[in-house]
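On a predicted model such as this, the values are computed, not experimentally measured, just so you know.
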Amino acid sequence: MIIREIESGDYNGLMELYLHLHETEIPSFETARSTWKKILSDENYHIIVAEEDGAIVSSCTVVIVPNLTHGPRPYARVENVVTHADYRGKGLATACLNRAKEIAISANCYNIALLTGSKKESTLKFYEKAGYNPNEKTGFIMWL
């Protein structure tokens, strides 16, 4: 297993993995080119991947958000946690989340938050086991 940050040539591999998250099709590179370039050039935006057998099989995104409170210290937000169905239960997502935590600590973040749309008990227990406290804050979302 290799845990690393995304590289410019990883677009197709990452997008194929996202089909195991909630996507139903892969947007063409031409459609996503400007967003992909912004992500790759943003020092606060980190897509972490686990690679096995030469393929991207797990990933999470952590974004460091500059902030004027808590010192001022930034905070981190984790999104898009996914593992290919054939590779689940091997610790890959945990390894990606641990790397996200390391990035947040090195950026001097005061917290790291994760939201999930899943209501599955196994998913919620996984995040708790990874160190996320479901009782600390209340999350709300507004779809735009």
Side-chain angles (χ1 to χ4, degrees), residues 1-29 31-32 35-36 38-144:
M1 156 181 42
I2 298 169
I3 304 297
R4 62 177 176 81
E5 288 206 43
I6 203 82
E7 298 171 355
S8 62
D10 290 330
Y11 177 79
N12 286 329
L14 181 67
M15 296 312 294
E16 287 175 18
L17 177 63
Y18 281 172
L19 293 174
H20 293 265
L21 184 61
H22 50 67
E23 297 300 307
T24 57
E25 63 183 44
I26 298 172
S28 74
F29 182 71
T31 302
T35 301
W36 183 243
K38 285 178 191 175
I39 288 169
L40 292 174
S41 65
D42 188 337
E43 67 181 19
N44 289 318
Y45 201 109
H46 305 268
I47 299 176
I48 300 151
V49 297
E51 186 180 314
E52 275 206 2
D53 307 320
I56 295 171
V57 296
S58 188
S59 180
C60 74
T61 298
V62 62
V63 179
I64 308 301
V65 181
N67 181 43
L68 293 173
T69 66
H70 294 275
R73 291 172 62 197
Y75 58 90
R77 175 142 179 218
V78 172
E79 284 281 343
N80 299 332
V81 180
V82 60
T83 300
H84 187 291
D86 295 342
Y87 290 85
R88 292 181 182 153
K90 299 173 101 181
L92 299 168
T94 299
C96 289
L97 288 171
N98 286 340
R99 180 65 58 87
K101 181 180 174 183
E102 291 169 5
I103 290 169
I105 289 169
S106 70
N108 196 32
C109 292
Y110 76 91
N111 79 14
I112 185 168
L114 179 150
L115 295 174
T116 181
S118 177
K119 305 296 184 213
K120 288 174 55 177
E121 185 73 20
S122 60
T123 301
L124 302 177
K125 291 290 183 195
F126 166 74
Y127 290 132
E128 283 188 68
K129 186 176 177 187
Y132 291 86
N133 181 345
N135 304 312
E136 191 66 31
K137 288 195 173 203
T138 302
F140 295 87
I141 195 158
M142 179 187 293
W143 293 107
L144 305 175

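R73 places a side-chain N or O within 3.5 Å of a backbone atom of N108 that can act as its donor or acceptor partner. Between the side chain of S59 and the backbone N or O of I48 there is at least one donor-acceptor pair closer than 3.5 Å.
To the nearest 0.5 angstrom, I141 atom CD1 is 6.0 Å from L115 atom CG. Rounding to the nearest 0.5 Å gives a distance of 5.5 Å between NZ of K137 and CG of N111. Taken to the nearest 0.5 Å, the OG atom of S58 stands 11.0 Å off from the NE2 atom of H84. Here the CE-OG distance, from M15 to S28, works out to 10.0 Å after rounding to the nearest 0.5 Å. Interatomic distance, M142 CE to F140 CZ, rounded to the nearest 0.5 Å: 11.0 Å. We find the SG-CG distance between C60 and L21 to be 11.5 Å, quoted to the nearest 0.5 Å.
Pairing each heavy atom of E25 with each of L19, the nearest pair is N-CD2, 3.6 Å. In plain terms, the two heavy atoms of A107 and P74 that are nearest each other are O-CG, 3.3 Å. A pairwise comparison of heavy atoms in M1 and L92 identifies SD-CD2, 3.2 Å as the closest pair. Contact detail for L97 and V81: the closest heavy-atom pair is CD2-CG2, 4.0 Å. Between A50 and C96, the closest heavy-atom pair is N-SG, 3.7 Å. Between H20 and A85 the shortest heavy-atom distance is ND1-N, 3.4 Å.
Residues I56 and I6 form a side-chain contact, since some pair of their non-hydrogen atoms from C-beta on lies under 4.5 Å apart. Inter-residue side-chain proximity for H46 and I64 is flagged as met; some heavy-atom pair is nearer than 4.5 Å. At least one side-chain heavy atom of V78 sits under 4.5 Å from a side-chain heavy atom of I112. Two residues are said to be in side-chain contact when any heavy atoms from C-beta on lie closer than 4.5 Å; T94 and F126 meet this criterion. The shortest distance between side-chain heavy atoms of L17 and V49 does not fall below 4.5 Å. The shortest side-chain heavy-atom distance between E5 and I103 falls under the 4.5 Å cut-off. Looking only at side-chain heavy atoms (C-beta outward), V82 and E23 stay at 4.5 Å or farther from each other. The shortest distance between side-chain heavy atoms of E128 and N135 does not fall below 4.5 Å.
By the 6.0 Å contact criterion, CG on L68 is open, its count of non-hydrogen atoms from other residues, nucleotides or ligands being 12 or less. Taking a 6.0 Å sphere around OH of Y11, one finds it holds more than 12 heavy atoms contributed by other residues, nucleotides or ligands.
The stretch residues 89-98 participates, sequence neighbours left out, in these salt bridge (Lys or Arg N to Asp or Glu O under 4.0 Å) pairs: E52-K90.
In terms of the side-chain hydrogen bond (donor to acceptor under 3.5 Å, both in side chains) criterion, residue partners of T69 (sequence neighbours excluded) are, by chain and number, N67.
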